[in-house]
Novice: 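What follows is a single structure, and I will ask about it in a moment.
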Amino acid sequence: MDNRTSSDQVDAVVVGAGFAGMYMLYRLRQDGFSVCVFERGSDVGGTWYWNRYPGARCDVESMEYSFKFSEELQQDWEWTERYATQPEILSYAEHVAERFDLRSGISFDTTVTSAVFDDQTLSWSVQTMGPIGVAKEVHAQFLIMATGCLSSTNEPAFDGLDEFQGATYHTGDWPHDRVDFADKTVGVVGTGSSGVQSIPVIAEQCRHLTVFQRTPNFTIPAHNRPLDPTEQAEIKANYHQLREANEAMTSGFGSRYPRNEISSLSVSAEEAETILEQRWADGGLSFLGAFNDLMLSEEANVVAADFVRRKLRSIVRDPTVAELLSPTQVIGCKRLCVDSGYWETFNRENVTLVDISSEPITFTSAGIKVGDVVRELDTVVFATGFDAMTGALTSAGIVGRGTQPLTKTWEAGPVNYLGLGVHGFPNLFMITGPGSPSVLTNMITAIQQHVEWIADAMNHLRQHGLTVIEPQAEAQRQWVAHVNGIADFTLFPSCNSWYLGANVPGKPRVFMPLPGYPDYKAKCNQVASNGYEGFDLE
Ligand code: N01
């Protein structure tokens with residue numbers, strides 16, 4: 001509870017103390033609102049608090065994956081590598097909390113068990129379960145969900161798992177103590193970003209590693225390196241330029257490698273190869289900016305996809321293994337991975353790749369069974385991802401007007417307006433919710449834009465003597481159609497990705513993030529300057 005608040009009635013409850021919750025708390029305090037933040041972890045950091053698996057690091061460059069709201073902060077903080085490790089990003093989050101006295105406003109080890117809108121008092125009743133099982137209720141005018149897009153782990157119900165005698169870990173809920181893989185036979189299930197980052201590190205530490213792959217993924221080398229202090233000083237001298245460039249990016253792959261505004265089909269095969277070689281040498285997500293139509297045309301996309309498949313075949317020595325690792329989907333359709341020696345790992349003597357695309361794995365007491373073969377394992381790492389974008393929202397027990405649960409409103413997919421609010425749920429805000437660019441941008445850029453928009457909206461209500469803001473049904477309907485229309489214009493819906501909820505059995509298949517951050521930001525600004533059009537203000 002914010003130490004400036006003496007009662008259980010506050011202006012705003014914020015759920016989550018990752019980067020979104022921390023900045024929301026900072027900003028609302030600046031504006032004189034009373035705030036209470038609840039965080040289920042024991043400290044700040046969100047994603048970077050939970051994802052402590054070996055090899056975890058950010059796939060956005062560290063100089064860009066940081067807050068811009070404080071000039072002193074961005075000048076003082078020194079990053080050590082091009083792509084920061086999880087421990088370094090967590091230290092940064094801890095530093096921000098310390099520097100701006102944020103921990104005093106956060107209740108840690110506290111889970112929000114329900115949040116119910118009261119039609120009479122027009123406020124939210126938020127029930128929490130704190131340390132040692134202490135339940136508490138707080139009332140708030142606003143409920144702000146800063147629960148993150150990739151925070152609710154996907155733990156498939158594998159047959160026989162209860163019988164397995166070995167140790168199991170999920171990359172998204174990794175223990176704080178070091179996991180010792182020495183002399184162990186280890187299995188990793190899942191080959192998305194978490195698998196691609198952890199597999200090379202685990203392979204170096206364990207006796208034998210078996211990778212269970214359902215779908216091969218495209219990955220681009222990170223070419224990580226220490227940050228040169230001169231380079232860092234040059235960026236800091238003009239930090240605002242880098243931040244402005246970030247705001248203009250249509251996707252999150254880094255403003256230092258802008259997208260080439262040409263089609264891969266408009267250049268000769270030799271020219272395309274030269275451009276792709278340069279992007280491969282630059283490394284990271286910016287590979288997708290080699291051409292401007294990679295996510296719009298299959299014909300254009302295959303030029304880049306074939307280039308990466310050739311690279312794969314040149315790296316992996318065993319042609320059968322290379323074939324199994326070779327992705328067949330559109331490149332970029334699933335979130336592109338960024339690696340440090342992923343494909344090279346399959347040249348190691350102690351690594352085996354097992355294809356599980358045609359039948360699910362089952363567990364025995366000794367290990368994992370695929371077909372008739374049981375692979376004996378001491379330890380299994382689940383790199384099976386998240387109930388992305390909606391999982392943390394639908395599991396928070398949110399109930400809106402007329403006792404309608406959010407789970408019911410979202411039965412067929414996460415309908416919303418601007419990815420910020422939901423009709424029937426007054427004064428509820430989501431930071432980087434479905435229907436906003438979120439995971440298709442630099443997350444910190446998207447978080448800052450949402451926090452500032454929400455704080456401005458709350459100030460607007462206060463200044464005009466209003467108490468309630470709620471998306472109109474028609475504005476919401478149009479927004480959902482707009483997001484679906486843009487997604488259908490791209491190649492994103494063409495494969496099974498977590499963007500579509502396809503990784504979670506039974507989840508409605510809806511493309512959740514909105515491509516195109518600058519247009520989205522302009523739309524949000526326009527809505528605000530037109531008196532919050534599309535929202536009912538009471
Ligand atoms: O999760 P994923 P992730 N049986 O969903 C497989 C961000 N992130 O944690 O593709 C067998 O991508 C699943 O197979 P399939 C980043 O945005 C960023 O790796 O569904 N396998 C897939 O291979 C990323 O995209 C960083 O067929 C099963 C894997 O598990 C997002 O988080 C680092 C299965 C899950 O891959 C999620 O990444 C890490 C089953 N029943 C994460 N269910 C950075 O670099 C799932 N799989 C910043």
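Order of appearance sets the numbers: ligands from 1, and atoms from 1 within every ligand.
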Novice: Strictly by side chain to side chain donor-acceptor pair (under 3.5 Å), give each pair with a member in residues 494-507 just once, sequence neighbours left out.
Specialist: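 For residues 494-507, and leaving out neighbouring residues, the side chain to side chain donor-acceptor pair (under 3.5 Å) pairs sorted by first residue read Asp387-Lys507, Thr390-Lys507, Asn496-Arg509.
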Novice: Only one of Phe67, Tyr92, Tyr65, Tyr239 forms a ring-ring contact (aromatic ring centres under 6.0 Å, His included) with Trp77, so which one is it?
Specialist: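 Testing each of Phe67, Tyr92, Tyr65, Tyr239 against Trp77, the sole residue satisfying ring-ring contact (aromatic ring centres under 6.0 Å, His included) is Tyr92.
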Novice: For residues 317-363, which residue pairs qualify under disulfide bond (SG atoms under 2.5 Å apart), counting only residues two or more places apart or in two chains?
Specialist: Cys333-Cys495
Novice: If we ignore angles and hydrogens, is there a donor and acceptor under 3.5 Å between the side chains of Gln86 and Tyr53?
Specialist: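 Side chains of Gln86 and Tyr53: no pair found under 3.5 Å.
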Novice: Under the ring-ring contact (aromatic ring centres under 6.0 Å, His included) rule, what pairs show up with a residue in residues 203-229, not counting sequence neighbours?
Specialist: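 Checked against ring-ring contact (aromatic ring centres under 6.0 Å, His included) - neighbours excluded - no pair reaches residues 203-229.
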Novice: May I ask you to check whether Asn442 and Glu64 show a side-chain donor-acceptor distance below 3.5 Å?
Specialist: no
Novice: Enumerate, one pair per line, all nitrogen or oxygen atoms of ligand 1 lying under 3.5 Å from a protein nitrogen or oxygen, stating the separation to 0.1 Å; write 'none' if no such pair exists.
Specialist:
unit_1, atom_1, unit_2, atom_2, d
ligand 1, 9 (O), Ser194, OG, 2.6
ligand 1, 10 (O), Thr215, OG1, 3.4
ligand 1, 10 (O), Lys334, NZ, 2.6
ligand 1, 19 (O), Ser193, N, 2.9
ligand 1, 19 (O), Ser194, N, 2.8
ligand 1, 19 (O), Ser194, OG, 3.3
ligand 1, 20 (O), Arg214, NH2, 3.0
ligand 1, 23 (O), Thr191, N, 2.9
ligand 1, 25 (O), Trp498, NE1, 2.9
ligand 1, 27 (O), Arg214, NE, 2.8
ligand 1, 27 (O), Thr215, OG1, 2.5
ligand 1, 30 (O), Ala383, O, 3.3
ligand 1, 43 (N), Arg214, NH2, 3.4
ligand 1, 45 (O), Arg57, O, 3.2
ligand 1, 45 (O), Gln197, NE2, 3.0

